[in-house]
Amino acid sequence: MQITQCTFYQTRGFSMRYSQYFIPTVKETPADAEVISHQLMLRAGMIRKVAAGVYNYLPLGLRSIRKVEQIVREEMNRAGAIELLMPMVTPAELWQESGRWEFYGKELLRFKDRKDGEFCLGPTHEEVITDIVRREIRSYRQLPINLYQIQTKFRDEIRPRFGLMRGREFIMKDAYSFDVDSSAADISYDKMYQAYRRIFERCGLNFRAVEADTGSIGGSSSHEFMVLADSGEDAILSCSACDYAANVEKAESKPFPESTGELLPKEAVATPDRKTIEEVASFLGVHPDQTVKALIVVADDEPVMALVRGDHDLNELKLKNFLGAAELEMATDEVYVKASGGPVGFAGPSGVTVRVIADQAIQGMCNFIIGGNAKDLHFRNANHSRDFDVTAFADIRTVVSGDPCPRCSSGAMEVWRGIEVGHVFKLGTKYSEKLKATYLDADGKEQVIFMGCYGIGVGRSVAACIEQNHDANGIIFPIPIAPFHCIVSALSVKEEPVVKASEDIYNRLASAGVEVLLDDRDERPGFKFKDADLIGIPLRIVVGAKNLTEGKVELKHRRSGEVELLPIDEAVARVRKLVAEALAQ
RNA sequence: CGGGGUGUAGCGCAGUCUGGCUAGCGCACCUGCCUUGGGAGCAGGGGGUCGGAGGUUCGAAUCCUCUCACCCCGACCA
């Protein structure tokens with residue numbers, strides 16, 4: 001079985017002698033690396049930091065990155081997308097046209113050229129790609145089209161951290177689809193969704209595709225591709241029974257049935273110095289789920305009261321989206337006091353003049369406890385509609401583990417941590433309208449193009465892979481993105497037979513298309529084993545003097561630790577077979 | 001941007017509170033010997049504007065002022 005050669009960038013069919021290569025490994029764990037992937041990438045000599053959130057990709061790191069890029073490329077091409085390359089430096093005018101020059105804020109790194117012209121480093125390329133398309137696409141006959149690039153992005157993150165997981169400069173694949181209408185755009189979106197599944201499967205990642213908020217990119221709907229890892233920065237929820245899965249920012253809660261209980265008379269109770277839900281509930285001898293928490297937020301300068309059940313948390317993003325607000329933040333104490341009419345800790349919905357948005361869970365409650373809008377005062381047996389007005393009921397709380405699934409009847413939601421490695425968006429006409437990207441339809445009428453955009457964090461995917469694939473000794477790369485498939489450890493470089501056999505194996509593997517690293521360094525065996533484990537090469541052939549007298553070498557599997565003692569021919573054949581199988585798509 | 005912390009050899013750190021001889025230790029590096037199946041051992045050696053600037057002092061890594069960088073927590077963010 002011959003392994004396919006890649007022509008775009010030579011990742012495959014590459015062989016190297018360790019003594020002539022550049023893999024600066026470190027024994028000690030760097031002090032300022034928090035997460036395991038960051039530590040291991042530094043220790044394995046894959047990356048080095050240049051500035052906060054800015055890294056050198058050393059040869060080993062670059063090789064893995066190129067592998068991911070290549071998988072991405074193959075799958076994007078398979079899905080009909082076309083590669084191009086846009087500049088990293090983009091002029092302010094395009095961003096002013098879309099309105100994002102102001103909207104994007106400090107994350108956009110801006111600078112001036114010698115003629116005082118304003119530019120920025122591209123954090124994403126909707127503007128630039130739309131500019132290309134509006135200039136070149138005239139007719140419905142030219143649609144659909146999907147263009148992508150793999151390129152370095154720069155976002156001046158407030159707090160870069162975790163190595164390649166959240167850098168300021170990072171490699172990203174970004175694709176943009178252009179369609180005649182919304183349903184055609186849905187097809188493009190679905191193709192990308194499927195391509196993404198294939199990409200992350202081929203990378204050997206354990207991931208979930210979840211429904212997500214669209215954030216500052218905008219658009220109507222989106223999915224995030226989340227690699228499951230405890231160190232993940234996002235919380236995601238998935239149903240134990242059906243396919244429903246969503247980012248915690250987006251995850252829907254299931255409405256409760258309207259309460260049918262008998263309404264008791266409302267009653268004022270003194271609650272001296274009891275401000276928090278826990279204090280009030282325990283003072284009155286009830287569970288927090290029989291109380292209602294009133295929070296004051298400011299949405300685009302308007303104070304709004306949000307109500308959630310005492311044991312629930314407000315999901316600010318859901319509320320912001322429900323209100324259609326551009327900005328939403330928790331109110332300051334002054335605003336709180338003014339809006340509720342009482343001191344902090346005693347706000348309640350009765351008698352307030354601001355809009356009251358209640359979580360839908362409250363519809364299912366009766367005879368609950370609310371704040372009295374006065375010092376040391378709460379009410380018990382309060383009921384909505386009867387005792388206070390609600391402007392609207394909405395899903396505004398954060399879903400938690402164990403909540404019933406909003407989509408099916410039997411499942412319960414489970415919480416996971418995830419690393420966002422890909423994100424697909426339906427953009428609709430948000431950018432095409434602003435930038436006037438239109439085409440003429442079959443009737444000669446001008447129509448606005450429907451867009452989608454699709455990102456993959458390449459470096460982050462490698463980091464995420466390491467988060468999922470490591471042990472106490474180091475990285476355990478899956479073959480498809482390993483920097484080398486196999487390492488040949490020549491145990492003694494002073495013994496002629498060992499050297500000869502090692503080089504023979506090395507040459508045979510290399511010519512069979514296996515990417516092989518020959519550890520020909522004059523080092524003690526333990527030293528070589530530690531390095532081989534650390535850098536995570538999936539297969540290792542150990543050539544030692546003793547086994548060699550019987551014509552045998554050792555094949556060790558990095559992941560399982562399994563060791564096979566095999567004649568040389570068999571070892572070579574076995575490595576070829578394992579690699580070919582792992583790369584078969 | 002708010003709160004906290006750290007800057008001393010390539011890496012990891014001690015020394016700073018309580019100023020004082022030539023600024024130390026481990027790893028790494030160089031030379032030699034020895035060793036070769038899980039980061040060996042011995043001997044010798046090189047490497048420092050103590051983040052930077054200014055100040056106090058007979059004398060500053062150490063005290064004071066300013067500044068820069070990096071890290072952590074928070075808010076924010078494909």
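Just so you know, these numbers use all the heavy atoms, side chains as well, and skip hydrogens, waters and symmetry mates. Note on naming: letters A, B, ... go to the chains in the order of the sequence lines (proteins, then strands), and numbering restarts at 1 for each one.
One atom, CD of A:E523, and another, P of B:G39, lie 13 Å apart when rounded to the nearest Å. In this structure, A:D531 atom CG and B:G39 atom P are separated by 12 Å, rounded to whole Å. As a whole-Å value, the separation of A:E34 CD from B:G74 P is 11 Å. B:A75 atom C1' lies 14 Å from atom CD of A:E249, rounded to whole Å. Counting to the nearest Å, the C1' atom of B:C71 and the NZ atom of A:K49 are 7 Å from each other.
Among A:Y189, A:F225, A:F207, the one residue that satisfies the ring pair (Phe, Tyr, Trp, His ring centres under 6.0 Å) test with A:Y196 is A:F225.
Look at A:R159 and you'll find a side-chain N or O under 4.0 angstrom from OP1 or OP2 of B:C73. Close to B:A40, at under 4.0 Å from its OP1 or OP2, lies a side-chain N or O of A:R524.
Comparing B:G38, B:A28, B:A75 against the side chain of A:I158 picks out B:A75 as the nearest. Nearest nucleotide to the A:A52 side chain, out of B:C71, B:C1, B:G39: B:C71. Side-chain proximity of A:R161 to B:C73, B:G39, B:G37: nearest is B:C73.
Take the nearest nucleotide of RNA chain B for A:G422 and for A:F527: the residue whose nucleotide is more 5' is A:F527. Nearest-nucleotide mapping onto RNA chain B: of A:F162 and A:E420, the residue sitting toward the 5' end is A:F162.
Using C1' as the reference atom, B:G15 and B:U62 are 9 Å apart when rounded to the nearest Å. For B:U6 and B:C42, the C1' atoms lie 37 Å apart once the distance is rounded to whole Å. Separation of the C1' atoms belonging to B:U57 and B:C64 is 12 Å when rounded to the nearest angstrom. Spacing between B:G24 and B:C29 at atom P, rounded to whole Å, works out to 23 Å. Straight-line distance between the P atoms of B:C63 and B:A78: roughly 44 Å, to the nearest whole Å. Rounded to whole Å, the separation between the P atoms of B:A23 and B:C27 comes to 22 Å. Between B:U35 and B:A43, the two C1' atoms lie 15 Å apart (nearest whole Å). B:G41 and B:C1: their P atoms are spaced 49 Å apart (whole Å).
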TODO: Could you run through nucleotides 4-13 of chain B and give me one letter per nucleotide, 5' to 3': B if any protein heavy atom sits under 4.0 Å from the base, S if only the sugar-phosphate is that close, - if neither?
DONE: --------SS

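The environment of A:D230 atom CG is sparse: at most 12 non-hydrogen atoms of other residues, nucleotides or ligands sit within 6.0 angstrom.
Pairing for B:C70 is with B:G5, a Watson-Crick or G-U wobble pair whose two hydrogen-bonding atom distances lie under 3.5 Å.
A:D533 contributes a side-chain N or O that forms a donor-acceptor pair with the base of B:G38 under 3.5 Å.
Looking at A:E69 and A:R66, a side-chain N of the basic residue comes within less than 4.0 Å of a carboxylate O on the acidic one, giving a salt bridge. Between A:K430 and A:E126 there is no salt bridge, since none of the side-chain N atoms of the basic residue sits less than 4.0 Å from a carboxylate O of the acidic one.
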